[in-house]
Structure formats: structure tokens, C-alpha cells
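Taking it in order: structure first as C-alpha cells, then the write-up.
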Amino acid sequence: GVPYGVLSEHRGYGARYSPVGGRFPRRLRTGKGYDITPYLPALFADFGLQSMKYRYDFYDVVSTRTAEAFFKQIGDWCAAHGILSTGHLLGEETLLTHLTWEGDYFASLREMHLPGIDMVTSDPQQLLNEIRWPNFMTPKFGSSVAHVYDKPGLMCEISAFREFIQGTDFKDPKAMAERHRTLPLDF
């Protein structure tokens, strides 16, 4: 049969490495109108208010390029083949992790036909405990992207991954799915 869609799992550039190559200063110059090379130290050290501007410009260009070079290409291919692009990002739980792993969370998810999140537990009580800050915001961030960009819904990856890794018995997946239905998800 024909697949429903293509899932991108945990795409993110993260704080451990930079998605920036040799062409980045030229891309920033084209997008922001200046050469960032002399200001690279301001990305990592405080040089006053100007540091914020350079960091903002850096993450804005990196986020845009990541969305265009990765998610948009997948989405275009999927559209040409009559299937959906979907998936979720790494570090989707908080605004700080959005910046650390994605730069602009909305820019990347915007390029998916059906943006998504993951909440990987099959233990209903653990899910209930985790929907307190920060994880209760995860579905809200994802559904906000879906609403802002007029997407058909929000995909949520549900699994018993944690229980499998911990070697415990699988809990009731039906109860866990019912808890998910109380969250701002569009299944």
C-alpha cells in the first residue's frame, strides 16, 4: 500500500554542534546585511546589548536555513508524491530547549504538513505527573503551530519507550491514550 506520510524523528541541531558551514557568513550577510565574522565572540560572551542582536540574527538565519534545507525539502517531496510530511523535534518541551535545539521551533514545524510532538510513556500516572510544567506545554506548543499555520491537526507519537528501557511491565496503553485526549491535541 501507499504510505500515509514520512516521519522526521528528533531533528535538531542542538547546542553540541553548530549547523553552520563555511557559507554561513555570506548567508547572514545576505539575510541581515552585515558580516558576522568580527562579532562571533558575542555569540558566546556578553558584549552588552549588541550581543543580543548578534545572537538573534544568528539563530534567525540558522532556524530559517534548517527549516528550508531539511523540513521544506521533505515536505515538497512528500507533496509531490501525495503523502504527508510529519514528525517532531528534539527538545520540544520548553521555550529554552526550543532555542537550544531548534532556534525557532515554529519555523521548523511550519514546514511539516502535520506537525507533531512526542510524549513517550504508556504509564497513565506518569503522564499525569509530567503534564505539570514543563511537559504539559509540549502539546500546547505543537497545537499552536497547527493553529497559526492552518494545519489539519497535530500528530502525537505515543509509545511505551520509557517502560521498555526501564525493563518494567507495559502499563495500560488505552488509559494512556485517554489521558492524551484530555490534552490540547488534534488526533
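Residue numbers run from 1 in the order of the sequence given.
- Other members of the cluster containing Leu49 are Met52, with ILVMFWY side chains joined at under 4.5 Å, either directly or via other members.
- Here the side chain of Ser85 pairs no donor or acceptor atom with the backbone of Met112 at under 3.5 angstrom.
- Residues Ser8 and Ile74 come closest through the heavy atom pair OG-CD1, 3.7 Å.
- A search for side-chain contact (heavy atoms from CB on, under 4.5 Å) contacts involving Tyr149 returns Phe106, Arg110, Val145, Lys151, not counting sequence neighbours.
- Residues satisfying the side-chain contact (heavy atoms from CB on, under 4.5 Å) test with Leu7, not counting sequence neighbours, are Glu9, Thr86, Met155.
- Residues that satisfy the side-chain hydrogen bond (donor to acceptor under 3.5 Å, both in side chains) test with Tyr34, not counting sequence neighbours, are Asp57.
- Remark: Tyr39 engages Tyr54 in a ring-ring contact (aromatic ring centres under 6.0 Å, His included) (not counting sequence neighbours).
- The salt bridge (charged side-chain N to carboxylate O under 4.0 Å, His left out) analysis of residues 67-78, with sequence neighbours excluded, yields the pairs Arg65-Glu68, Lys72-Asp76.
- Separation of atoms CG (Leu84) and NE2 (His113) is listed at 7.0 Å; rounding is to 0.5 Å.
- Evaluation of the side-chain contact (heavy atoms from CB on, under 4.5 Å) rule for Gln73 yields Ala69 as partners, not counting sequence neighbours.
- In terms of heavy atoms, Thr64 sits closest to Asp60 at OG1-O, 2.8 Å.
- Distance CD1/Ile117 to CZ/Phe141: 11.0 Å, rounded to 0.5 Å.
- Here Ser144 pairs with nothing under the side-chain hydrogen bond (donor to acceptor under 3.5 Å, both in side chains) rule; sequence neighbours left out.
- The side-chain contact (heavy atoms from CB on, under 4.5 Å) search around Leu40 returns Ile36, Leu43, not counting sequence neighbours.
- Ser51 and Ala45 make their closest contact through OG-O, 3.4 Å (heavy atoms, listed as atom of the first residue, atom of the second, distance).
- Between atom CG of residue Leu154 and atom NE2 of residue His147 there is a gap of 8.0 Å, rounded to the nearest 0.5 Å.
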So Asp104 and Tyr59, side-chain contact (heavy atoms from CB on, under 4.5 Å) or not? Walk me through it.
-> CA-CA 7 Å; Asp104 182 349; Tyr59 279 109; over 6 Å; no

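- Pro38 and Asp35 make their closest contact through CD-O, 3.4 Å (heavy atoms, listed as atom of the first residue, atom of the second, distance).
- Across all non-hydrogen atoms, the minimal contact from Ile83 to Tyr4 is CB-O, 3.7 Å.
- In the hydrophobic clustering, Tyr56 connects to no other residue, as no ILVMFWY side-chain heavy atoms lie under 4.5 Å from its own.
- Under the 4.5 Å side-chain contact rule for hydrophobic residues, Phe71 and Val148 share a cluster.
- Closest heavy-atom contact between Ala146 and Gly153: CB-O, 3.5 Å.
- A donor-acceptor pair is defined here as one N or O able to donate and one able to accept, closer than 3.5 Å; such a pair exists between the side chain of Ser143 and the backbone of Lys140.
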